[in-house]
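Reading through the structure tokens given below for one structure.
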There are 2 protein chains.
Amino acid sequence: LLEARGVTKSYQMGESVVHALRGIDLAVEAGEYVAIMGPSGSGKSTLMHILGCLDRPTSGALFIKGVDTKTLKDNALAETRNSEIGFVFQDFYLLPRLTVLENVEIPLVYAGVPRAERRARATRVLSQVGLQNRLGHKPSELSGGQRQRVAIARALVNEPSIILADEPTGNLDSVTGSEIRAIFSELNAAGNTIIMVTHEREVALDAQRIIHLKDGLVEKVEAVAV
Amino acid sequence: LLEARGVTKSYQMGESVVHALRGIDLAVEAGEYVAIMGPSGSGKSTLMHILGCLDRPTSGALFIKGVDTKTLKDNALAETRNSEIGFVFQDFYLLPRLTVLENVEIPLVYAGVPRAERRARATRVLSQVGLQNRLGHKPSELSGGQRQRVAIARALVNEPSIILADEPTGNLDSVTGSEIRAIFSELNAAGNTIIMVTHEREVALDAQRIIHLKDGLVEKVEAVAV
Ligand SMILES: Nc1ncnc2c1ncn2[C@@H]1O[C@H](COP(=O)(O)OP(=O)(O)OP(=O)(O)O)[C@@H](O)[C@H]1O
Ligand SMILES: Nc1ncnc2c1ncn2[C@@H]1O[C@H](COP(=O)(O)OP(=O)(O)OP(=O)(O)O)[C@@H](O)[C@H]1O
Ligand SMILES: [Mg+2]
Ligand SMILES: [Mg+2]
């Protein structure tokens, strides 16, 4: 479904270069649940942005359903991304002037869903993550874990078949975190593909495979015992 | 050292009221290491902002070294805060147009420390958290865990005697997280007072006492076995 071949990402910083990814080979099958772990700064978020078509590699290739993304123009890439992929960002990226409900409706606005249905679907997914009493709040009027849950709800509301989640339980207590993990496991059981970055091994063990990154490279791939 | 008596905090939201804190009694001795745990939305960050003199209670009192903060004007409160308290925010609050080094120098600028000494002290604390190779980066050019470590470095650079840290290891892998925890344990062993919000029980067990919040109230206080 998703395949990275020889993917690198470098940033020019004045005189020096930062090599965030140094050559990643990675293949994710449709319906798989893959976890990505690794030290802070090892390239996990950078890799997620490339897999999610939010950024392009410096060199190497990304294939989506066999199509080389290099052959797609920016708007075709955005089209694929918006219709197929839900992304939970490590730092949420909520729009500060919109309410919780309006933030979660945004992917449905892009998908052309009519107003009443948007409201119903956004409300339903927000109830799933326990935020039914916060619909009218702005992001600045929420706790850290509540903002994280809004970001999760927004990623799921358009029912994407590929979900990329960058540390979705980092700001959650263990009870709330377990509820979120259960949502992802159910989505995977329903046939959706999940790629999740996490720092917690316990969460990574929800997946079928754990990819360990280090210094911009895949250090090892671990199969999770069932 | 720090005492909250009957502290409440409420937010008016149009017609309704959100009671973030419903009556908190809490005393922290000089040199103590206290952890605060509780579900997402239970009031931990709100309590931290009040303890750190960044916000005032709706009712109730906060005493700092026996002085009722109600008797202090805003600039006297800010003076106490800047000289005595280091605060690690749950969402970092780094200044986006300044470099990592400049961000960490800011408390020293307020303290009137001369330029060369500021640079040396900020560099030293940034090396302690593993960011010696990122001094010239802007926050947007860092990973999530690197931003978290800049926020920690900035809180510590002025050598405050009271450190309030709101989930300082949430974005860190276990190895980097252990390094940060060791820094806090050493600071406490040196006589500094630490109040840390965490979602991870393992981290909370570094402390001498764990305060469990639920729905804006102290649910129970747990002594940590040595
Ligand atoms: N715009 C940029 N310019 C320069 N360097 C960058 C930029 N963005 C990221 N980096 C660097 O690339 C490396 C990888 O960053 P990335 O965000 O992928 O790490 P990560 O594995 O997600 O870390 P964390 O666990 O802390 O979130 C880091 O060392 C970071 O400093
Ligand atoms: N400005 C505000 N206006 C209205 N309600 C607010 C505001 N700030 C916080 N709240 C509410 O107060 C409650 C407590 O928030 P707080 O940030 O203290 O929670 P927390 O325990 O730190 O949660 P987390 O673990 O998710 O960070 C939450 O339910 C939140 O929605
Ligand atoms: Mg990251
Ligand atoms: Mg909080």
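Proteins come first, then strands; the chains are lettered A, B, ... in the order of their sequence lines, and each starts at number 1.
The closest side-chain heavy-atom distance from B:Ile24 to B:Leu213 is below 4.5 Å.
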For chain B against chain A, give me the donor-acceptor pairs closer than 3.5 Å, one per line with atom names and distance.
unit_1	atom_1	unit_2	atom_2	d
A:Ser40	N	B:Asp173	OD1	2.7
A:Ser40	OG	B:Arg149	NH2	2.8
A:Gln90	NE2	B:Asn171	OD1	3.0
A:Asp91	OD2	B:Arg147	NH1	2.9
A:Arg147	NH1	B:Asp91	OD2	2.9
A:Arg149	NH2	B:Ser40	OG	2.8
A:Asn171	O	B:His199	NE2	3.0
A:Asn171	OD1	B:Gln90	NE2	3.0
A:Asp173	N	B:His199	ND1	3.3
A:Asp173	OD1	B:Ser40	N	2.7
A:His199	ND1	B:Asp173	N	3.3
A:His199	NE2	B:Asn171	O	3.0

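Taking the side chain to side chain contact (heavy atoms under 4.5 Å, CB included) definition, one finds that B:Ala151 meets it with B:Val88, B:Phe92, B:Leu94, sequence neighbours left out. Listed by chain and number, the residues in a side chain to side chain contact (heavy atoms under 4.5 Å, CB included) with B:Ala153 are B:Val104, B:Val125, B:Leu126, B:Val129 (sequence neighbours excluded). Listed by chain and residue number, nothing satisfies the side chain to side chain contact (heavy atoms under 4.5 Å, CB included) test with A:Ala120 (two or more places apart in sequence, or in another chain).
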Output, in order, the C-alpha distance, side-chain angles, deciding distance and verdict of side chain to side chain contact (heavy atoms under 4.5 Å, CB included) for B:Ile162 and B:Val28. CA-CA 10 Å; B:Ile162 304 170; B:Val28 180; over 6 Å; no

Go through the steps for A:Val157 and A:Ile106 under the test side chain to side chain contact (heavy atoms under 4.5 Å, CB included), then give the verdict. CA-CA 9 Å; A:Val157 73; A:Ile106 284 178; over 6 Å; no

